[in-house]
Amino acid sequence: MARSFDRFLYPEDLQGVVPAGVSSDDSIQLINAYIEQWTRQQALLHYAQRNIKINTKRLEAQVEEYKNGLIVYEYEQALVSQKLDTVVTDAEIRTYYDTQRELFILKQPILKLSYIRLRTDAPELDRVKRLFLSPDFEEQDLLEKYCARYAIQYSLRDTTWQYADNLIKKIPLSHISEENYSRTGRIFEIIENNELYLIILHDSKFRDARSPLSLEYDNIRNLILNKRKIDLVDQMQKSIVTDARKKNNIEIYN
């Protein structure tokens, strides 16, 4: 139990604070944090009520407006959940991509690359570099087996576009200056913290170029669905108001 001025927090008020499955130690931490937050809020509320003049009518009107907004929002969410068509075809995504070209301009470079992260004393490095450059399937299979055994980390067959800023978090890409991003098909060798990175750039696009559809696919799908949600809610609102007017449930008195 806790008290803050003339307000009390009882054990039954703590029901639901701790989710199911939480360990005993974590439960205690969650409860203590909740009690601390509650006492702080009640203390602030006490001093606020003592030191400012509350416009009760305005406050009640704001609370009522907020509550009404929440009710309408819950209704809109239920409507979206029941009525929204979530099927977005490839053709729709392609059309959106082609007609909204200005939305898909790159603000940073993107790359397709393969890399191998090794210890500097890893065996057969010359052979590894040869295999890394080879297009032969069997040699690529040998490289895969080598990496599985010796590499700290590797990515050999990833054909997705990736933002340069995200790649820098995984590999020391900053050692390759941006003007070298167009030098595809060769191995860049970088040594950092006693580790060797072998990197091959397969393709690149620079800032202010058009972003490829494959990179924007999920984003476009979400944009289309969001537009559908907005249109669905707007249609619902107009339909309700129109129906209410027809039935004389809405009147404006002069």
Side-chain angles (χ1 to χ4, degrees), residues 12-22 30 33-34 37-38 40-42 44-45 48-49 52 54-110 159-167 169 205 207-254:
E12 55 266 29
D13 297 324
L14 299 174
Q15 292 182 5
V17 172
V18 179
V22 175
L30 286 171
Y34 182 88
Q37 175 62 25
W38 181 87
R40 184 186 300 116
Q41 184 179 44
Q42 296 306 318
L44 291 171
L45 179 62
Q49 290 173 331
I52 63 170
I54 304 296
N55 185 328
T56 305
K57 288 186 178 180
R58 180 170 65 86
L59 185 62
E60 289 176 350
Q62 289 176 333
V63 170
E64 183 68 14
E65 183 178 354
Y66 180 69
K67 183 186 74 173
N68 292 341
L70 287 177
I71 293 171
V72 171
Y73 175 77
E74 288 295 323
Y75 175 67
E76 291 174 349
Q77 292 301 108
L79 178 75
V80 166
S81 177
Q82 295 169 10
K83 302 289 187 181
L84 182 67
D85 178 10
T86 58
V87 176
V88 181
T89 66
D90 289 345
E92 288 177 294
I93 290 174
R94 166 60 73 175
T95 298
Y96 193 99
Y97 178 74
D98 289 340
T99 57
Q100 305 290 333
R101 301 176 70 91
E102 71 282 357
L103 297 180
F104 308 112
I105 303 300
L106 291 170
K107 294 180 174 59
Q108 62 170 294
I110 57 173
T159 59
T160 59
W161 288 103
Q162 300 186 64
Y163 289 105
D165 283 358
N166 291 337
L167 287 167
K169 298 172 184 176
K205 289 184 181 294
R207 66 186 82 240
D208 296 327
R210 193 181 185 207
S211 181
L213 176 58
S214 59
L215 186 63
E216 300 293 347
Y217 190 93
D218 290 339
N219 181 36
I220 292 173
R221 183 179 183 276
N222 290 333
L223 287 169
I224 292 172
L225 287 177
N226 190 57
K227 178 67 165 55
R228 287 182 187 175
K229 289 178 185 178
I230 293 171
D231 290 345
L232 180 62
V233 170
D234 184 58
Q235 290 169 9
M236 175 272 293
Q237 292 175 350
K238 289 178 180 177
S239 176
I240 287 175
V241 172
T242 299
D243 183 66
R245 290 186 188 280
K246 285 181 179 179
K247 295 177 179 177
N248 293 320
N249 289 320
I250 292 178
E251 293 182 283
I252 298 176
Y253 304 104
N254 295 322

Could you tell me the separation between the [atom1] atom of [X] and the [atom2] atom of [Y], rounded to the nearest 0.5 Å?
X	Y	atom1	atom2	result
L14	Y34	CG	OH	7.0 Å
I224	N222	CD1	CG	9.5 Å
D90	I220	CG	CD1	11.0 Å
R58	E60	CZ	CD	12.0 Å
E76	K229	CD	NZ	12.0 Å
T160	I110	OG1	CD1	10.0 Å

How close do [X] and [Y] get, heavy atom to heavy atom, and via which atoms?
X	Y	value
T86	L225	CA-CD2, 3.7 Å
L215	L106	CD2-CD2, 4.4 Å
E92	V87	OE1-O, 3.8 Å
Y163	E216	OH-OE2, 4.1 Å
Y97	S211	OH-O, 2.6 Å
V80	L232	CA-CD2, 4.0 Å

Is a side-chain donor or acceptor of [X] paired with a backbone partner of [Y] at a separation under 3.5 angstrom?
X	Y	answer
T95	A91	yes
S239	Q235	no
R207	K107	yes
R228	D85	yes

ask   = Charged N to carboxylate O under 4.0 angstrom, D231 versus K227?
value = yes
query = Should E64 and K67 count as an ion pair when the cut-off is N to O under 4.0 Å?
reply = yes
task = Assess whether atom CD of E65 is packed by more than 12 heavy atoms of other residues, nucleotides or ligands within 6.0 Å.
result = no
query = What do the steps show when you test W38 against V17 for side-chain contact (heavy atoms from CB on, under 4.5 Å), and what is the final call?
reply = CA-CA 12 Å; W38 181 87; V17 172; over 6 Å; no
ask   = Would L70 and E74 satisfy side-chain contact (heavy atoms from CB on, under 4.5 Å), going step by step from the backbone distance to the final call?
value = CA-CA 6 Å; L70 287 177; E74 288 295 323; 5.5 Å; no
